Amino acid sequence: MSHPVDSAVSAVRTYIEQHRAAFLDDLAGWLRIPSVSAQPDHAPDVRRSADWLAAKLKETGFPVTEVWQTPGAPAVYAEWPADDPGAPTVLVYGHHDVQPAAVEDGWDSDPFEPVVRENRLYARGAADDKGQVFFHTLGVRAHLAATGRTAPAVTLKLLIEGEEESSSPNFRALVEEHTERLAADAVIVSDTGMWSADTPTVCTGMRGLAECEIRLFGPDQDIHSGSFGGAVPNPATAVARLVAALHDEHARVAVPGFYDGIVELTDRERELFAELPFDEDQWLRTARSHAPHGEAGHTTLERVWARPTAEVNGIGGGYQGPGSKTIIPSSAFVKLSFRLVAGQDPDHVEKAVRAWAAEQLPAGIRSEIAFSPATRPCLTPLDHPALQSVVRAMGRAFEQPVRFTREGGSGPAADLQEVLGAPVLFLGISVPSDGWHAPNEKVELDLLLKGVETSAYLWGDLADTWHAP
């Protein structure tokens with residue numbers, strides 16, 4: 001059943017206010033579980049977190065709730081079919097594991113004993129990502145209460161993994177194993193944020209990631225630089241030359257084929273980025289840096305959101321102790337990471353980097369290159385109808401225009417897009433000051449409830465305006 005816009009908003013907000021206290025009490029109970037996936041001692045807590053969430057989703061009304069085992073930490077799956085068999089199917093992704101935290105890291109209170117100060121909830125996982133997962137539980141109940149439905153307007157599925165903070169080593173295999181169960185017309189990722197509390201935004205893309213370590217070997221042992229210097233190749237010099245060749249004079253990546261296939265920014269996207277209230281001086285202070293730098297012809301936001309990069313993450317070789325040791329070292333290394341954008345294939349990038357590195361090395365230098373498993377980029381076009389539903393739902397909750405961002409980092413969202421063949425959309429209410437991975441992580445309670453409200457509007461908007469293929 002439908003309502004005029006004003007009465008629907010009133011009904012949603014009234015329901016949320018009536019259930020706010022119980023919702024926050026439940027969330028605090030979940031936050032008390034130290035589900036730190038990176039620390040083996042907390043493996044039972046990660047399992048306890050999964051069991052807690054599965055039980056709470058059952059209590060919320062999901063008729064199907066399951067804990068899925070992996071070789072690592074468990075994930076939680078839930079499903080609530082729509083009454084209309086032709087309604088779109090939406091999969092919500094998030095994670096229930098958290099980063100390590102201890103008072104001695106600089107917390108003002110116990111990180112696993114939630115506390116509210118100045119309308120902010122402080123606890124590890126408050127924003128990343130338990131709070132942003134949990135707002136969907138109250139959101140779907142508010143959606144039902146405001147519309148008179150007994151089931152969501154869309155078939156709603158949740159997949160909440162337990163290893164995101166440990167690089168999701170088993171996530172893709174889990175998605176591939178359960179592809180039929182997870183089939184969806186769209187994926188909503190609630191592990192993201194907004195530009196600021198005053199500027200609600202929707203993220204439209206996330207960069208991918210490829211990482212490698214290149215080790216160079218010269219002499220079979222360290223040798224005397226006076227007796228042999230200038231007459232045999234030096235792997236430390238070779239690794240320095242390799243790094244120097246990584247970019248051209250315009251700060252573009254100089255690996256042949258690196259840019260093959262990339263989806264360029266449209267003029268409209270560049271205009272939308274430019275509309276954001278970006279203060280480059282403040283951004284530099286946040287970055288603890290003193291000048292912007294990057295690929296010529298692009299703004300700072302374009303560089304960190306929509307352009308591929310190559311970065312040196314570590315470099316070494318030879319003597320590192322005090323004073324001097326006049327040697328030619330036997331080996332040297334460099335660790336590189338490549339952020340990838342839509343259209344780039346990690347396998348192609350790996351082949352290009354291997355070929356480029358081989359061409360840079362002099363005779364007598366042997367190399368070993370090891371790549372870690374890659375994360376693919378993902379991008380949703382601005383005109384995608386499901387994205388427009390997210391924008392309308394958020395605009396309705398915040399009562400102001402919603403702008404667009406991208407995410408410079410990387411995550412498992414692209415695996416969902418690739419394996420399920422569904423567009424990935426981002427719905428998050430966290431703001432930069434929430435301190436993900438840092439001491440005193442928090443979530444703004446007013447924004448958390450705006451997330452609840454957005455979720456409550458979204459399912460009906462999708463069902464009314466989008467007919468998935």
Side-chain angles (χ1 to χ4, degrees), residues 20-56 72-76 94-135 137-138 160-169 190-194 196-197 282 285-289 313-314 409-412 428-452:
R20 168 189 171 124
F23 166 74
L24 294 178
D25 285 346
D26 284 342
L27 175 57
W30 194 21
L31 293 170
R32 290 188 180 97
I33 302 174
S35 49
V36 181
S37 61
Q39 296 177 340
D41 289 349
H42 283 292
D45 294 315
V46 181
R47 172 66 201 220
R48 187 157 58 98
S49 171
D51 290 340
W52 186 97
L53 178 59
K56 188 58 62 176
V76 177
H95 63 92
H96 67 93
D97 63 321
V98 299
Q99 282 280 310
V103 172
E104 53 267 30
D105 296 336
W107 286 75
D108 295 333
S109 56
D110 184 335
F112 295 105
E113 185 51 53
V115 60
V116 175
R117 297 192 295 268
E118 297 180 345
N119 207 32
R120 296 164 178 159
L121 175 62
Y122 290 85
R124 177 58 89 220
D128 181 24
D129 182 37
K130 289 179 177 177
Q132 299 204 95
V133 167
F134 202 59
F135 73 58
T137 62
L138 183 53
I160 313 302
E161 73 158 314
E163 296 182 302
E164 195 275 343
E165 300 293 8
S166 298
S167 301
S168 302
S190 282
D191 184 23
T192 184
M194 307 191 307
S196 70
Q282 177 61 47
R285 287 192 291 272
T286 301
R288 302 292 195 271
S289 299
N313 306 129
S410 307
I429 49 73
S430 183
V431 290
S433 62
D434 284 345
W436 291 26
H437 298 199
N440 297 314
E441 178 186 346
K442 54 86 175 171
V443 67
E444 302 281 343
L445 291 182
D446 288 344
L447 296 184
L448 185 65
L449 296 177
K450 288 298 183 186
V452 173

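In this text, all values refer to a predicted model and were calculated from it rather than measured experimentally. Nothing fancy with the numbering, it's 1 onward along the sequence.
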inquiry  = If the condition is side chain to side chain contact (heavy atoms under 4.5 Å, CB included), which residues does D41 pass it with, not counting sequence neighbours?
reply    = none
request  = Any chance you could lay out the salt bridge (charged side-chain N to carboxylate O under 4.0 Å, His left out) test for R47 and D51, step after step, and finish with the verdict?
outcome  = CA-CA 6 Å; R47 172 66 201 220; D51 290 340; 3.0 Å; yes
key: Inter-residue atom distance R20.CZ - L445.CG, 0.5 Å rounding   = 5.5 Å
query = With sequence neighbours excluded, what pairs up with E118 under the salt bridge (Lys or Arg N to Asp or Glu O under 4.0 Å) test?
reply = R120
ask   = Restricting to pairs with a member in residues 98-116, which pass salt bridge (charged side-chain N to carboxylate O under 4.0 Å, His left out), not counting sequence neighbours?
value = R32-E113
inquiry  = Ring-plane angle category for W30 and H96, please: parallel below 30°, perpendicular beyond 60°, tilted otherwise.
reply    = parallel
task = Identify, with sequence neighbours excluded, every residue that meets side-chain hydrogen bond (donor to acceptor under 3.5 Å, both in side chains) alongside S190.
result = H136
query = Is it true that the side chains of Q132 and S430 contain a donor and an acceptor less than 3.5 Å apart?
reply = no
message = Going by the rule salt bridge (Lys or Arg N to Asp or Glu O under 4.0 Å), which residues pair with E441 if we only count those two or more places apart in sequence or in a different chain?
response = R124
query = Considering residues at least two apart in sequence or located in another chain, which fulfil the side-chain hydrogen bond (donor to acceptor under 3.5 Å, both in side chains) criterion with T137?
reply = none
Residues that K442 engages under salt bridge (Lys or Arg N to Asp or Glu O under 4.0 Å), provided they are two or more places apart = D434, E444
R117: side-chain hydrogen bond (donor to acceptor under 3.5 Å, both in side chains) partners, not counting sequence neighbours = none
ask   = Considering residues at least two apart in sequence or located in another chain, which fulfil the salt bridge (Lys or Arg N to Asp or Glu O under 4.0 Å) criterion with K56?
value = D26, E59
ask   = In chain order, what residues pass the ring pair (Phe, Tyr, Trp, His ring centres under 6.0 Å) check against F23, with sequence neighbours excluded?
value = F134
inquiry  = Going by the rule ring pair (Phe, Tyr, Trp, His ring centres under 6.0 Å), which residues pair with W107 if we only count those two or more places apart in sequence or in a different chain?
reply    = none
request  = Report the residues that fulfil side-chain hydrogen bond (donor to acceptor under 3.5 Å, both in side chains) with D129, sequence neighbours left out, ordered by chain and then residue number.
outcome  = none
